[in-house]
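Have a look at the structure below before the remarks.
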Amino acid sequence: MAYWLMKSEPDVYPIDHLRSQKRKTDYWDGIRNYQARNFMRDQMRKGDLAFFYHSNCAEPAVVGIMEIACAAYPDHTAFNSNEKYFDAKSDPDNPRWLMVDVRFKKKFKNPVTLQSIKAQKKLGDMRLVQRGNRLSILPVAALEWRHIVKMAGES
DNA sequence: GCCAACGTTGGC
DNA sequence: GCCAACGTTGGC
């Protein structure tokens, strides 16, 4: 089983929105970056766990945990010109973009801020705090996962 | 709002 | 295939 970090802007889709969904499950659309897509396509599996990360906001932070609810499948929002992430080049017969379903697991009482992550020397190797950290889906090492869960006080 | 660090596009 | 121009991300 693998661990991930997935970014979402709280102004667009906060963790509470995922929790409020039917069966606390929703599709994770709008990934329009090949590297992130390849992570989903090649490495992400049903049952993997992912941090829900609030990005591009006043206090960027890991705010909770979700579970990957199914393997990657075509992102249908790419086919709809009314959608924000419409991509005319994604052919329904040969979809360019993929998405997965995610299920809410837990919201941290104490979010683990980017600031506090940066302050942890042990987490200095995390992709989140290194260059090339703009990917909206990042792999997380098991040690890093446990460290952050502990920082959240969730053991 | 600024800007660094990318990724993508398209002319050549 | 190169690379300049442009667009996006996301912390600050």
Side-chain angles (χ1 to χ4, degrees), chain A residues 2-21 26-44 48-68 72-102 104-141 143-145 147-154:
Chain A
Y3 296 104
W4 304 95
L5 180 145
M6 297 168 79
K7 300 178 184 175
S8 184
E9 300 187 19
D11 291 345
V12 178
Y13 197 116
I15 189 169
D16 287 335
H17 193 242
L18 178 61
R19 180 162 59 180
S20 71
Q21 297 299 304
D26 204 354
Y27 56 84
W28 196 272
D29 65 344
I31 301 298
R32 299 290 180 269
N33 171 284
Y34 290 106
Q35 221 181 323
R37 180 204 67 183
N38 293 348
F39 278 141
M40 289 195 290
R41 185 190 62 193
D42 303 333
Q43 293 179 247
M44 206 175 255
D48 284 358
L49 295 176
F51 285 136
F52 196 117
Y53 179 85
H54 281 171
S55 69
N56 202 13
C57 55
E59 190 156 72
V62 176
V63 293
I65 293 173
M66 55 193 171
E67 180 180 354
I68 306 305
Y73 61 100
D75 182 341
H76 60 80
T77 67
F79 310 137
N80 184 345
S81 61
N82 293 321
E83 290 279 353
K84 182 184 176 191
Y85 292 106
F86 170 66
D87 181 357
K89 292 177 186 166
S90 187
D91 175 1
D93 292 329
N94 184 20
R96 175 179 296 201
W97 303 116
L98 304 173
M99 61 185 179
V100 295
D101 289 352
V102 294
F104 174 90
K105 293 277 282 186
K106 180 180 286 186
K107 181 181 177 181
F108 292 157
K109 289 190 189 70
N110 305 298
V112 181
T113 63
L114 177 62
Q115 196 182 11
S116 67
I117 290 171
K118 283 181 168 174
Q120 296 283 324
K121 286 208 180 71
K122 280 184 181 173
L123 297 177
D125 289 336
M126 272 192 82
R127 293 190 59 159
L128 183 67
V129 298
Q130 296 202 331
R131 283 196 185 170
N133 60 0
R134 294 179 316 148
L135 276 180
S136 54
I137 297 179
L138 294 169
V140 175
L143 274 172
E144 296 163 352
W145 179 274
H147 197 113
I148 287 175
V149 170
K150 199 173 286 182
M151 287 169 73
E154 305 277 349

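Note that these values count all heavy atoms, side chains included, but never hydrogens, waters or copies made by symmetry.
Between the C1' atom of C/dG11 and the CD atom of A/Gln130 lies a distance of 16 Å, rounded to the nearest Å. If you measure from atom NZ of A/Lys118 to atom P of C/dG11, you get 8 Å, rounded to the nearest angstrom. Rounded to whole Å, the distance from CG on A/Leu138 to C1' on C/dT9 is 12 Å. Taking atom CG of A/Asp11 as the reference point, atom P of C/dG11 lies 13 Å away to the nearest angstrom. Between A/Asp87 atom CG and B/dT9 atom C1' there is a gap of 13 Å when expressed in whole angstrom units. Counting to the nearest Å, the P atom of C/dG11 and the CZ atom of A/Arg127 are 15 Å from each other. Taking atom CE of A/Met6 as the reference point, atom C1' of C/dT9 lies 17 Å away to the nearest angstrom. Atom CD1 of A/Ile137 and atom P of C/dG10 are 11 Å apart (whole Å).
Dashed line: the shortest gap from a side-chain N or O of A/Lys7 to OP1 or OP2 of C/dT9 is not under 4.0 Å. For the OP1/OP2 pair of C/dG11 and a distance below 4.0 Å, the side-chain nitrogens and oxygens of A/Tyr53 include at least one atom meeting the criterion. Between B/dT9 and A/Lys89, a contact under 4.0 Å exists linking OP1 or OP2 to a side-chain N or O.
A/Gln43 has its side chain out of reach of A/Pro139: every pair of non-hydrogen atoms, C-beta onward, lies at least 4.5 Å apart.
Remark: the backbone N or O of A/His17 is paired with a side-chain donor or acceptor of A/Gln21 at under 3.5 angstrom. A donor-acceptor pair under 3.5 Å is absent between the side-chain atoms of A/Asp75 and the main chain of A/Met99, judged by distance alone.
Of the candidate nucleotides C/dG10, B/dG7, B/dT9, C/dG10 has the atom lying nearest to any side-chain atom of A/Asn56.
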- Apply ring-ring contact (aromatic ring centres under 6.0 Å, His included) to the pair A/Trp97 and A/Tyr73, showing each step before the final yes or no. CA-CA 8 Å; A/Trp97 303 116; A/Tyr73 61 100; over 10 Å; no

- Item | A/Arg32 vs A/Thr77, side-chain hydrogen bond (donor to acceptor under 3.5 Å, both in side chains): CA-CA, chis, key distance, verdict | CA-CA 11 Å; A/Arg32 299 290 180 269; A/Thr77 67; 3.1 Å; yes

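Between A/Asn133 and A/Arg96, the residue anchored nearer the 5' end of DNA chain B, judged by the nucleotide with its closest heavy atom, is A/Asn133.
Here A/Gln35 lies in heavy-atom contact (under 4.0 Å) with sugar-phosphate atoms only.
Under 3.5 Å, the side chain of A/Arg131 and the base of B/dA5 form no donor-acceptor pair of N or O atoms. Applying the 3.5 Å distance criterion, the base of C/dT8 shares a donor-acceptor pair with the side chain of A/Arg134.
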